[in-house]
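Each chain gets a letter, A, B and so on, in the order its sequence line appears, and its residues count up from 1.
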Number of protein chains: 2
Amino acid sequence: MGVLVVSPTRVTVAEVARYAGVSSAVVSYVVNDGPRRVAPGTARRVREAIEVLGYRPNSSARALRTGRTGIVGLVLPGTSNPFFGEYADALHAAADRAGVGLLTAGSGGAAASEATAVERIARRDVDGLIVATSISPADISGVSYPRLPTVLVDCAFPVPGYSTVGPEASEGARELVEHLLLVHGHRSVAHVAGHGVDIEPDLRQLGWADAHRRHSRSPGPVTVTDYTRAGGRRGCLDLLGSGPPPSAIFVGSDLQADGVLRALAESGLRVPEDVAVVSFDGTDQSAYTSPPLTVVRQPILAMATAAVETVLDTTGPRHRAFAMDMITRRSCGCSGPPAG
Amino acid sequence: MGVLVVSPTRVTVAEVARYAGVSSAVVSYVVNDGPRRVAPGTARRVREAIEVLGYRPNSSARALRTGRTGIVGLVLPGTSNPFFGEYADALHAAADRAGVGLLTAGSGGAAASEATAVERIARRDVDGLIVATSISPADISGVSYPRLPTVLVDCAFPVPGYSTVGPEASEGARELVEHLLLVHGHRSVAHVAGHGVDIEPDLRQLGWADAHRRHSRSPGPVTVTDYTRAGGRRGCLDLLGSGPPPSAIFVGSDLQADGVLRALAESGLRVPEDVAVVSFDGTDQSAYTSPPLTVVRQPILAMATAAVETVLDTTGPRHRAFAMDMITRRSCGCSGPPAG
DNA sequence: CTGAAAGCGCTAACAA
DNA sequence: TTGTTAGCGCTTTCAG
């Protein structure tokens, strides 16, 4: 058939070996710095040959041979959510440091889509999987890839059979609500919560309730909405429509807080004068809302590092929880510093 | 669900073939639906064997054999920036539709880091590369992976030797500024610009200048800052410090607009009463700032689809530009609708 | 329509 | 210290 393509074929170990006057095994030893030692002079010749010929190892061949791809799968609900956007960046940095690549998929947050996302990723022979599951952990195990090391991130509680990494959500939420109760003297705090994993407790809500209990207050109203801006707005509007405005609101995520702030502005309520607002996550953007949000921040960098470490670590499942830190800004009534 | 696989070692074509009483070639024909036809009955037996044994093709072996990995590399400045977060989501959706995986790397936006990110990705034998380059296109070509199909996204101008996908930035910026000039009657508009690719014109700034020229106005002051929230704040503060406040500001990106809004609030200036603000990008969040931002929106879905199509398309480089649409909200002085 | 068999490029025994 | 070589699992040409 017609056209003869004279494409410069790819350089292989064999050619490097021939050029350097050694065997292909030696080339491999040099490239991988093992498993056998190579005489310094020989090694130098090989490296020179590699340089001259422009040799690059074929990663498919290596993966086929070794059984390891050096790639970890990453399934997130989607980086449109700035929290997961920042998480993704941190995971990439950690993966780079660990020398592995990240094969990503967005789950779109819907359960069906998440299962298929995991499915698609696992199909490609990754060495492990990092999943921010928005669905029940039970569902993920439906994916029958035996023994693929999996770590669930943004997961504040242990899940049997899986490694998990998450914030100390309950403690963080409690600290934030106690700040409102004790420092700013609110009698109670309302809560705009997010739809979570059905079978598990919502730790943020637990912490919020706990803060009230500890100080013998009765909690304000709760409303459960989507983890979206629109959800936050809707939830806040519902709250406002069902009684006198609360004096303070604890929002379950920065994304929802955008919507809450919006709803409050639409309703002519000032923050923090009329209503104090605090939020959970502490993304970069929370310093730029108006007013800037008082938050508990998730230590994303540390959690991402832990996630990558854990997925690469073959010793059994473990749960790692990270302390959150509170950042006070204007939205709670404190006079925070201007953004840097 | 629950078919349980009891094979300790991985199932291969050979085993499927043996189970189905055919040769491995036939199994391959069935799995890949070609290149040779298989008798319906035989095919059914093979599919049954695959099901029963829980066979999954080894993608490394297939890649080694075919020379194609079915994976496209993606290098973005980082998904902490919500614009690129949304872009990443759209690219993932498009990649899924096209049946390819996305191997991602964050470049961190720094030139050195971007080159190494591209380097790391290319090393893994991807079929193509999608890059949102924040640096000079010249620099990317320094990466010497011969003939790796590459498409530059978020790139509003053609670059010789590369495929490019971007918005009609100049037209979009002009439309936005003209809205301020003609509808709201501002005499001139200031501009908070972003540091761009040095050797190329800043099309947003060009559009801004063009709007003034077309209507015989002299442009307001410009300040060039980082494409960050802090950069936007700084730039706006500089603007305010160097003369009387402008009556209107065109901001080069939503991220910077966050900072501009913040700076204005700090300075006690109301939007839009004292200063009108419009922005370029139209990310989801722009509907939730206070006040909501009037923007020109980048058609991210369409551009992402085009990017994936283009990188998979072997016919030569091409440039595709997409029209932006203006969304008027409160920040320009229009009374936009409340967020849905 | 199906089977046999030759590698793709690499790593890691095993030999020397 | 280095060379030889047997596959890893798959696709696809060539025979049947």
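- Considering only residues two or more places apart in sequence or on other chains, B/Phe84 meets the ring-ring contact (aromatic ring centres under 6.0 Å, His included) condition with none of them.
- Contacts of A/Gly21 with the nucleic acid, taken as non-hydrogen atoms under 4.0 Å apart, involve only primed sugar atoms and P, OP1 or OP2.
- Each end of the helix from C/dC1-D/dG16 to C/dA16-D/dT1 gets its own axis from five base pairs, and the two axes differ in direction by 40°, given to 10 degrees.
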Atom pairs and distances, donor-acceptor, side-chain atoms in residues 63-70 of chain A, under 3.5 Å, two or more places apart:
from    : atom 1 : to       : atom 2 : distance (Å)
A/Thr66 : OG1    : A/Arg62  : O      : 2.9
A/Thr66 : OG1    : A/Arg68  : N      : 3.2
A/Thr66 : OG1    : A/Arg68  : O      : 3.3
A/Thr69 : OG1    : A/Ile71  : N      : 3.3
A/Thr69 : OG1    : A/Asp125 : O      : 3.0
A/Thr69 : OG1    : A/Asp127 : OD1    : 3.2

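- The list of salt bridge (Lys or Arg N to Asp or Glu O under 4.0 Å) pairs with a residue in residues 77-93 of chain B, not counting sequence neighbours, is empty.
- Among residues two or more places apart in sequence or in another chain, the side chain to side chain contact (heavy atoms under 4.5 Å, CB included) test is passed with A/Leu312 by A/Val72, A/Ala98, A/Val100, A/Val308.
- Of all nucleotides in DNA chain D, those with any atom nearer than 4.0 Å to a heavy atom of chain B start and finish, going 5' to 3', at D/dG9 to D/dT13.
- Partners of A/Ala25 by side chain to side chain contact (heavy atoms under 4.5 Å, CB included), not counting sequence neighbours, listed by chain and number: A/Ser23, A/Tyr29.
- For A/Cys155 against A/Leu152, the heavy-atom pair with the smallest separation is CB-O, 3.7 Å.
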Would you sort out whether A/Ile300 and A/Phe83 count as a side chain to side chain contact (heavy atoms under 4.5 Å, CB included), showing the intermediate values? CA-CA 9 Å; A/Ile300 288 181; A/Phe83 172 69; 3.7 Å; yes
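- With sequence neighbours excluded, no residue satisfies side-chain hydrogen bond (donor to acceptor under 3.5 Å, both in side chains) with A/Ser163.
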Please table the atom pairs, donor to acceptor, closer than 3.5 Å between any side-chain atom in residues 314-322 of chain B and protein atoms at least two apart or in another chain.
from     : atom 1 : to       : atom 2 : distance (Å)
B/Thr315 : OG1    : B/Asp313 : OD1    : 3.4
B/Thr315 : OG1    : B/Asp313 : OD2    : 2.9
B/His319 : ND1    : B/Thr164 : OG1    : 2.6
B/Arg320 : NH1    : B/Glu309 : OE1    : 3.2

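- For residues 46-54 of chain A, proximity to DNA chain D is found at no residue, defined as any non-hydrogen atom under 4.0 angstrom from a strand atom.
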Show which side-chain atoms of residues 34-55 of chain A pair as donor or acceptor with protein atoms under 3.5 Å away, not counting sequence neighbours.
from    : atom 1 : to      : atom 2 : distance (Å)
A/Arg45 : NE     : A/Ala20 : O      : 3.2
A/Arg45 : NH2    : A/Ala20 : O      : 3.1

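- Note that the OG1 atom of A/Thr104 and the CG atom of B/Leu103 stand 7.5 Å from one another [nearest 0.5 Å].
- Between the CG atom in A/Leu76 and the CG atom in A/Asn81 there is a gap of 9.5 Å [rounded to 0.5 Å].
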Base versus backbone protein contacts along nucleotides 8-14 of chain C [heavy-atom cut-off under 4.0 Å; B, S, -]: BBBBBB-
